[in-house]
Peer 1: 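The structure's right below; bear with me while I get my questions together.
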Amino acid sequence: MLDIKLIQNEFDSVCEKLRKKKVSEDIIENLRLISLELKAKKAILEPLQAEQNASSKLFGLWAKEGKDINELKAKLSANKEKITVANKLVKELEEKLSNLALSVPNLPDNDVPNGADENDNIEIKKVLTPPVFDFIPKEHWEIAENQIDFERGVKLSKSRFSVLKNKAAKLERALINYMLDFNTKRGFNEVCVPYIVNRETLTGTGQLPKFEDDLFKIEGEDLFLIPTAEVPVTNLFRDEIILEAELPIMMTSYTACFRKEAGSAGRDTRGMIRQHQFDKVELVCITKPSESDKMFDKMIECASDLLSSLGLAHRHLMLCGGDLGFGAAKTVDLEVWFPGQNRYREISSISNTRDFQARRAKIRYKDQKKNKLVNTLNGSSLAVGRTMIAIMENYQKADGSFDVPEVLKSYM
RNA sequence: AGAGAGGUGUCCGAGUGGCUUAAGGAGCACGCUUGGAAAGCGUGUGUGGGGCAACUCACCGAGGGUUCGAAUCCCUUCCUCUCUGCCA
């Protein structure tokens, strides 16, 4: 959620920034007008309430002293009706404002490049060089015929589900453990969280109210399957005030993730790239605003070094405004090399949401006397399924088998 | 799932209709004290709004209601604890 005061006071600059994210100025103007109207209506309501409070106190005193209170009572009853009317208006405006405010995306940072979509993202650097094969490298579903069972995944559930067997099942588990250990050594504390969360939690991180169609909902309950560990882990601190000394809070968490992929019909239908259920090891950090840039770099470094330790060639991309997610002020994607596809594919996405989620989720820290909003950051380190198929493709041999990276051998 | 008890500020905790616009304690901040620390003493300190200075409004799990006036009474709902049942 954006700071309403910022919209009131720096309207033009907010609009200009949101233009990068393709948000119409009308929405912001609407938000501004409602917020001002609310302020005006409150200015009517509050003196009425003050009058009611003061006179009611008097009422008590007079009653005790045995004075005549009939006239006062009539006056207060009349005032009460005015309050009811004014209060209704305020409540309606507040709801309108909150609904609108919750569906406006975060402001991009100033250094986020302009651009329409993923084609305008900027490559920051490449790490390691892709392997060279003396045969035509296969795609992962050709390599893993006996290890990833797509047909039976569909039988059990539906399309975009799969079953891991044998070496793949073991590799998946090895990767989860390796990633958690790697992140822990970098100072991130492991947490294990629920996969089913409530509406408030998903509102806190920004998935609701706008993106309900992307989520699997539990029938008959107001509960949803998590689309990423970012949701429960960030919300661990929802409605809390953190002592300054406890910051930064650095966490890592393995969870399964569940996504409807509502807008991805026909994309990546083959193979394991885009599934309704996938494993991911996530990093989540809560910092003071002044330290979030440093933490952002640290998280990128962690995920990138993790890929390097697995011997996987990858590149860093700075997302342009048009490709930036709803809650992100800035995002760096890591893309890993897939020899079978002969291209880089996303394997990690690290975002700084600044105080956008903190404002929604009311995550604050005590700064001397005042409470201030924290900054929240999240990033994959890494998407496990995609890492597994990247290993299959990058470590494949001419006979159709594949090796595993040296660092994983003790985990297998 | 059934029965009972309960949800109050960063934390603990008092408070069953009007000097509670929430007692007291812990913690935290500042100051005094000290060679330094601890202890002790003093002061400040709930959250979120209002051009936030005085002042003022809302908030005692959430939502509604009764009343001139609600943390306090009523209804709905969520959650926690204890016991019973079920289960890994």
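Proteins get letters first, then strands, A, B, ... in listed order; numbering begins at 1 in each.
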Peer 1: Residues two or more places apart in sequence or in another chain: which of them pass side chain to side chain contact (heavy atoms under 4.5 Å, CB included) with A/Lys155?
Peer 2: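 Applying side chain to side chain contact (heavy atoms under 4.5 Å, CB included) to A/Lys155 gives A/Arg152.
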Peer 1: What is the per-nucleotide protein-contact pattern of nucleotides 49-58 of chain B, from the 5' end, where B denotes a base atom under 4.0 Å from a protein heavy atom, S denotes such proximity for sugar-phosphate atoms only, and - denotes neither?
Peer 2: BSS----SSS
Peer 1: Between A/Arg238 (CZ) and B/rU47 (C1'), how many Å, whole number?
Peer 2: 17 Å
Peer 1: Reading RNA chain B from 5' onward, which residue's closest nucleotide shows up sooner: A/Glu240 or A/Arg364?
Peer 2: A/Glu240
Peer 1: Write down the distance separating the P atoms in B/rU67 and B/rC81, rounded off to the nearest Å.
Peer 2: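 Looking at atom P only, B/rU67 and B/rC81 are 38 Å apart.
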Peer 1: What residues, two or more places apart in sequence or in another chain, satisfy ring-ring contact (aromatic ring centres under 6.0 Å, His included) together with A/Tyr195?
Peer 2: none
Peer 1: Among residues 74-106 of chain A, which contact RNA chain B at a heavy-atom distance under 4.0 Å?
Peer 2: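 Here the set is A/Leu76, A/Ser77, A/Lys80.
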Peer 1: Within the structure shown, what part of the strands sits under 4.0 Å from A/Gln52 by heavy-atom distance: base, sugar-phosphate, or nothing?
Peer 2: sugar-phosphate
Peer 1: So what's B/rU72 paired with, Watson-Crick or G-U wobble, going by both distances under 3.5 Å?
Peer 2: none
Peer 1: Thinking salt bridges, do A/Lys91 and A/Glu94 make one under a 4.0 Å N-O criterion?
Peer 2: no
Peer 1: Sequence neighbours left out, what passes side chain to side chain contact (heavy atoms under 4.5 Å, CB included) with A/Glu46? Give chain and number order.
Peer 2: A/Lys42, A/Gln49
Peer 1: Looking at A/Phe59, I'd like to know if the NZ or CZ of A/Lys75 sits under 6.0 Å from its six-membered ring centre while staying within 45 degrees of the ring's axis.
Peer 2: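 No, cation not above the ring by the 6.0 Å, 45° rule.
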Peer 1: Filter on ring pair (Phe, Tyr, Trp, His ring centres under 6.0 Å), then keep only pairs touching residues 271-324 of chain A, sequence neighbours left out; what's left?
Peer 2: A/Phe161-A/His276, A/Phe216-A/His276, A/His314-A/His316
Peer 1: Say you pick atom C1' in B/rC19 and the same atom in B/rC74; how far apart are they, in whole Å?
Peer 2: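 Between the two C1' atoms, the distance is 27 Å.
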Peer 1: Can you check the A/Leu38 CG to B/rG48 P distance for me, whole Å?
Peer 2: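 Distance, rounded to whole Å: 18 Å.
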Peer 1: With a 4.0 Å cut-off on N to O distance, would you call A/Asp214 and A/Lys260 a salt bridge?
Peer 2: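 Judged by the 4.0 Å cut-off on N to carboxylate O distance, A/Asp214 and A/Lys260 do not form a salt bridge.
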Peer 1: Hey, could you give me each pair passing side chain to side chain donor-acceptor pair (under 3.5 Å) that has a residue in residues 5-17 of chain A? Not counting sequence neighbours.
Peer 2: A/Gln8-A/Ser35
Peer 1: What's the gap between B/rC73 and B/rG18 when it is taken at their C1' atoms, as a whole Å value?
Peer 2: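 So the two C1' atoms sit 15 Å from each other.
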Peer 1: What is the distance from CG of A/Leu48 to C1' of B/rC68, rounded to the nearest Å?
Peer 2: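 Atom CG in A/Leu48 sits about 15 Å away from atom C1' in B/rC68.
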Peer 1: Using the C1' atom as the reference point in each nucleotide, state the distance between B/rC60 and B/rG7 in Å, no decimals.
Peer 2: 10 Å
Peer 1: Whom does B/rC19 pair with, Watson-Crick or G-U wobble, provided both distances fall under 3.5 Å?
Peer 2: none
Peer 1: For B/rU77 and B/rA3, measure between their P atoms and round to the nearest Å.
Peer 2: 13 Å
Peer 1: Would you call A/Arg345 and A/Asp268 a salt bridge, using N to O less than 4.0 angstrom?
Peer 2: yes
Peer 1: Scan residues 311-327 of chain A for pairs that pass salt bridge (Lys or Arg N to Asp or Glu O under 4.0 Å), counting only residues two or more places apart or in two chains.
Peer 2: A/Glu123-A/Arg315, A/Arg315-A/Glu335
Peer 1: Taking only residues two or more places apart in sequence, or in another chain, which ones meet A/Asp222 in a side chain to side chain contact (heavy atoms under 4.5 Å, CB included)?
Peer 2: A/Arg199, A/Lys217, A/Phe224
Peer 1: Measure from CD1 on A/Ile4 to P on B/rG48 and round the result to the nearest Å.
Peer 2: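 Computing the A/Ile4:CD1 to B/rG48:P distance gives 16 Å.
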Peer 1: In whole angstroms, how far is the C1' atom of B/rC28 from the CD atom of A/Glu244?
Peer 2: 11 Å
Peer 1: Considering only the C1' atoms, how many Å lie between B/rG61 and B/rC83, rounded to the nearest integer?
Peer 2: 24 Å
Peer 1: Paired with B/rC60 by Watson-Crick or G-U wobble geometry, both distances under 3.5 Å: which nucleotide is it?
Peer 2: none
Peer 1: How many Å lie between CG on A/Leu243 and P on B/rG27, as a whole number?
Peer 2: 13 Å
Peer 1: Nearest whole Å is fine: how far is B/rU47 P from A/Lys372 NZ?
Peer 2: 14 Å
Peer 1: Determine the Euclidean distance between corresponding P atoms of B/rG15 and B/rU82; express it in Å to zero decimal places.
Peer 2: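 Between the two P atoms, the distance is 23 Å.
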Peer 1: With a 3.5 angstrom cut-off on both distances, give the Watson-Crick or G-U wobble partner of B/rA39, or none if there isn't one.
Peer 2: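 Its partner is none (no Watson-Crick or G-U wobble pair with both distances under 3.5 Å).
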Peer 1: Nearest-Å distance, CG (A/Asp239) to P (B/rC79)?
Peer 2: 16 Å
Peer 1: Is the distance from OP1 or OP2 of B/rU10 to the nearest side-chain N or O of A/Asn371 less than 4.0 Å?
Peer 2: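 No.
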Peer 1: Looking at A/Arg360 and A/Glu200, does any basic side-chain N land under 4.0 Å from a carboxylate oxygen?
Peer 2: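 Salt bridge: no.
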Peer 1: Would you mind pulling out the nucleotide paired to B/rA3, Watson-Crick or G-U wobble, both distances under 3.5 Å?
Peer 2: B/rU82
Peer 1: If pairing requires Watson-Crick or G-U wobble contacts with both distances under 3.5 Å, which nucleotide is the partner of B/rU33?
Peer 2: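 No nucleotide pairs with B/rU33.
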Peer 1: Please determine, for B/rC11, whether a Watson-Crick or G-U wobble partner exists with both distances under 3.5 Å, and give it or none.
Peer 2: B/rG25
Peer 1: Under a 3.5 Å cut-off for both distances, is B/rG51 Watson-Crick or wobble paired, and to whom?
Peer 2: none
Peer 1: Give a yes/no answer on whether the side chain of A/Lys57 brings an N or O atom under 4.0 Å of OP1 or OP2 in B/rA70.
Peer 2: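 A/Lys57 to B/rA70 OP1/OP2: no side-chain N or O under 4.0 Å.
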Peer 1: Using the P atom as the reference point in each nucleotide, state the distance between B/rG46 and B/rA23 in Å, no decimals.
Peer 2: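 Looking at atom P only, B/rG46 and B/rA23 are 9 Å apart.
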